[in-house]
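So the structure is just underneath, and the comments pick up after that.
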There are 2 protein chains.
Amino acid sequence: MQIDKIDRAWRGAERCKHCAIRHLVLFSDLTHEDFDRIHQPIDDMEFEPGQRLYYQGENISSVYTIRAGLIKLVQHLPNGDRRIVRLLSQGDLAGLESLNGQVADHDAVCLDLVQVCRLPVSLIQRLQKETPNLHQGLINRWQKALSGADNWITRLSTGKARQRVARLLLLLDQASTDDFFFLPTREDMGAMLGITTESTSKATAEFRRLGLLKKLGQNRAWIDAEALQQQFC
Amino acid sequence: MQIDKIDRAWRGAERCKHCAIRHLVLFSDLTHEDFDRIHQPIDDMEFEPGQRLYYQGENISSVYTIRAGLIKLVQHLPNGDRRIVRLLSQGDLAGLESLNGQVADHDAVCLDLVQVCRLPVSLIQRLQKETPNLHQGLINRWQKALSGADNWITRLSTGKARQRVARLLLLLDQASTDDFFFLPTREDMGAMLGITTESTSKATAEFRRLGLLKKLGQNRAWIDAEALQQQFC
DNA sequence: ATTCGGGATTTAAATATTTCAATGCCTCAG
DNA sequence: CTGAGGCATTGAAATATTTAAATCCCGAAT
């Protein structure tokens with residue numbers, strides 16, 4: 001794994017206090033005193049598309065807070081099948097399973113330019129003991145991951161292929177902050193939906209012919225959410 | 001909802017201290033002093049097959065520890081589609097989302113005779129503040145639910161119908177403590193796998209003809225796990 | 001501007017799944 | 001014992017998806 005940049009200019013949590021997206025991250029409820037308990041360095045890291053934060057089966061000792069970008073969690077079966085089981089974006093945590101001492105359940109692969117903060121498990125565990133202000137944040141994120149997984153099953157793994165593709169596009173659109181959204185490759189979309197690349201392509205091509213989906217440069221796209229929802233969900 | 005029995009003979013946590021399956025439940029790490037902090041009644045409840053612990057969208061104020069039996073979590077979509085997203089059994093928690101103040105994400109429906117203990121959310125939250133001994137148990141259960149959901153996606157919602165049915169049977173078999181296991185209706189199995197009742201039936205019938213699956217009375221069944229795994233996964 | 005390479009899209013044929021409509025089978029109430 | 005009701009199973013036809021094999025298209029590099 002090639003890590004592009006690790007910025008350790010600030011030791012400990014000095015920078016955390018001034019983090020621009022602090023209200024979105026795990027540490028949002030910490031007090032100033034809590035921050036002073038953080039003596040280990042929290043690395044600010046950047047990953048290129050295609051790089052992995054960690055591999056399925058790897059023994060990881062950190063949790064990652066996503067500051068920017070999109071990450072796919074890929075799970076492999078013994079027989080070689082693989083499935084994307086979740087997408088992570090700003091404010092989500094990757095590698096939660098490390099808090100239970102488990103090895104990674106998935107490959108965590110960056111889809112675009114990703115910025116994360118790496119939080120050592122030992123730090124999280126110590127903070128949990130010393131301050132109650134972390135709990136709710138952790139619980140919330142766990143719960144969000146779980147309901148995300150449930151939705152993945154109900155919305156993205158149920159029904160006809162076209163319907164699933166429509167639901168995925170709607171989900172990507174909703175998750176995006178601007179008018180447009182990141183459109184994964186057809187192969188990745190297929191792996192999210194449990195259908196083939198070709199079936200995915202057929203659906204997106206159809207939506208495009210209907211004017212419900214427009215591709216812009218750079219993996220970005222736009223949909224007519226109303227109409228798509230109306231006609232295909 | 002018809003609740004068969006609520007046994008409140010013991011107030012507070014007196015009975016918890018002597019619970020036969022305490023090592024499996026959320027309170028396993030509590031100390032004797034911790035138990036003395038429990039002043040609210042913890043109801044011991046029993047449900048018949050088909051009864052619901054709660055409904056999707058319902059505002060629930062308790063978490064349920066499963067002592068015995070099997071529960072399906074059913075999620076409904078606006079368009080009427082529905083999917084079973086998880087099965088809960090001994091030691092699992094139902095209604096975790098109530099800890100975040102959310103309404104229930106699913107219907108929790110009993111598949112067989114179910115025994116649960118009902119833990120008020122307010123109790124959990126207070127204990128969380130007063131003792132650190134609950135955290136790990138909670139974290140562990142959240143994590144178990146999450147990796148269960150991931151597996152549900154990767155193993156039960158991916159691949160051909162026959163393969164999914166085989167994987168479900170293997171999973172039911174593994175989860176069981178004895179040689180046999182609870183075999184749900186074909187309809188429920190279909191709802192777990194995202195396929196039709198008929199497709200499920202065709203698969204189980206085929207396994208039965210091959211001698212890999214045998215039905216015993218009362219929803220119980222046996223499989224030749226080795227062979228099933230070998231030939232269909 | 002031109003070429004190259006990697007996705008994306010298409011098509012037709014092969015499979016798989018769903019639909020729909022009958023039976024079949026088992027249990028339980030009477 | 002017997003019939004009724006509720007699942008389960010089966011078969012055939014209608015659809016949907018996958019497979020396999022060409023193109024097609026677009027952006028990056030020359």
Side-chain angles (χ1 to χ4, degrees), chain A residues 48-50 72 79-84 109 111-112 156-169 182-221 223 232, chain B residues 48-50 72 79-84 109 111-112 156-169 172 182-221 223 232-233:
Chain A
E48 297 291 326
K72 61 177 174 182
N79 74 356
D81 278 358
R82 61 194 205 82
R83 187 85 196 261
I84 296 173
V109 187
L111 292 180
D112 53 6
L156 303 187
S157 308
T158 307
K160 296 291 157 65
R162 245 199 335 236
Q163 199 175 28
R164 295 189 199 185
V165 174
R167 294 210 191 101
L168 175 58
L169 292 172
F182 180 89
L183 186 68
T185 64
R186 301 304 162 272
E187 189 180 1
D188 273 350
M189 290 174 69
M192 295 176 201
L193 303 171
I195 60 179
T196 59
T197 306
E198 289 85 349
S199 294
T200 312
S201 180
K202 283 164 198 169
T204 56
E206 181 183 351
F207 295 156
R208 207 134 55 82
R209 279 190 291 271
L210 292 170
L212 303 178
L213 167 67
K214 293 188 200 306
K215 291 204 279 188
L216 316 167
Q218 273 307 116
N219 297 332
R220 310 239 79 194
I223 52 167
F232 297 99
Chain B
E48 297 290 326
K72 61 178 174 182
N79 75 355
D81 277 358
R82 61 192 205 81
R83 187 83 195 261
I84 296 172
V109 187
L111 291 180
D112 52 6
L156 302 188
S157 309
T158 307
K160 297 292 159 64
R162 245 196 337 232
Q163 199 174 29
R164 295 189 199 185
V165 174
R167 293 210 192 100
L168 175 57
L169 292 173
L172 289 165
F182 180 90
L183 185 68
T185 64
R186 303 303 162 271
E187 188 179 3
D188 273 350
M189 290 175 69
M192 295 176 200
L193 302 171
I195 61 180
T196 58
T197 305
E198 291 88 343
S199 294
T200 311
S201 180
K202 282 164 195 168
T204 55
E206 182 183 350
F207 295 156
R208 208 134 55 85
R209 280 189 291 269
L210 292 171
L212 303 179
L213 166 68
K214 293 188 199 307
K215 291 204 279 189
L216 316 168
Q218 272 306 115
N219 297 332
R220 310 239 82 197
I223 53 167
F232 297 99
C233 289

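Below, chains carry the letters A, B, ... as their sequence lines are ordered, and counting in each starts from 1.
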[X] vs [N]: side-chain N/O to OP1/OP2 distance below 4.0 Å:
X         : N       : answer
Arg186(B) : dA8(D)  : yes
Arg208(A) : dT9(C)  : yes
Lys160(B) : dA16(D) : no
Lys215(B) : dC7(D)  : no
Ser201(A) : dA8(C)  : no

Residues, nucleotides or ligands: over 12 heavy atoms within 6.0 Å of Glu206(B) CD
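Enclosed.
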
How close or far is atom [atom2] of [N] from atom [atom1] of [X], stated in whole angstroms?
X         : N       : atom1 : atom2 : answer
Glu198(A) : dT15(C) : CD    : P     : 17 Å
Asn219(A) : dC26(D) : CG    : P     : 15 Å
Arg162(A) : dA16(D) : CZ    : C1'   : 10 Å
Met189(A) : dT17(D) : CE    : P     : 14 Å
Glu206(B) : dG11(D) : CD    : P     : 13 Å

Is any side-chain heavy atom of Leu169(A) closer than 4.5 Å to a side-chain heavy atom of Leu183(A)?
yes

Base, sugar-phosphate alone, or nothing: which one does [X] contact when heavy atoms must sit under 4.0 Å apart?
X         : value
Ser199(A) : base
Arg164(B) : nothing
Thr197(A) : nothing

Is the side chain of Arg167(B) donor-acceptor paired with the backbone N or O of Cys233(B) at a distance under 3.5 Å, no angle test?
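Checked: no pair found.
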
Treating Arg83(B) as the side-chain partner and Met192(B) as the backbone partner, does any N or O pair qualify as donor plus acceptor under 3.5 Å?
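Side chain of Arg83(B) to backbone of Met192(B), a donor-acceptor pair under 3.5 Å: yes, one is there.
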
Hey, mind stepping through Ile195(B) and Val165(B) against side chain to side chain contact (heavy atoms under 4.5 Å, CB included) and telling me if it holds?
CA-CA 10 Å; Ile195(B) 61 180; Val165(B) 174; 4.1 Å; yes

Any donor-acceptor pair under 3.5 Å joining the side chain of Lys202(B) to the base of dT19(C)?
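Answer yes: a donor N or O sits under 3.5 Å from an acceptor.
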
Taking for each residue the nucleotide of DNA chain D bearing the nearest heavy atom, is the 5' side occupied by Gly217(A) or by Arg209(B)?
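Comparing both residues, the 5'-ward one is Arg209(B).
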
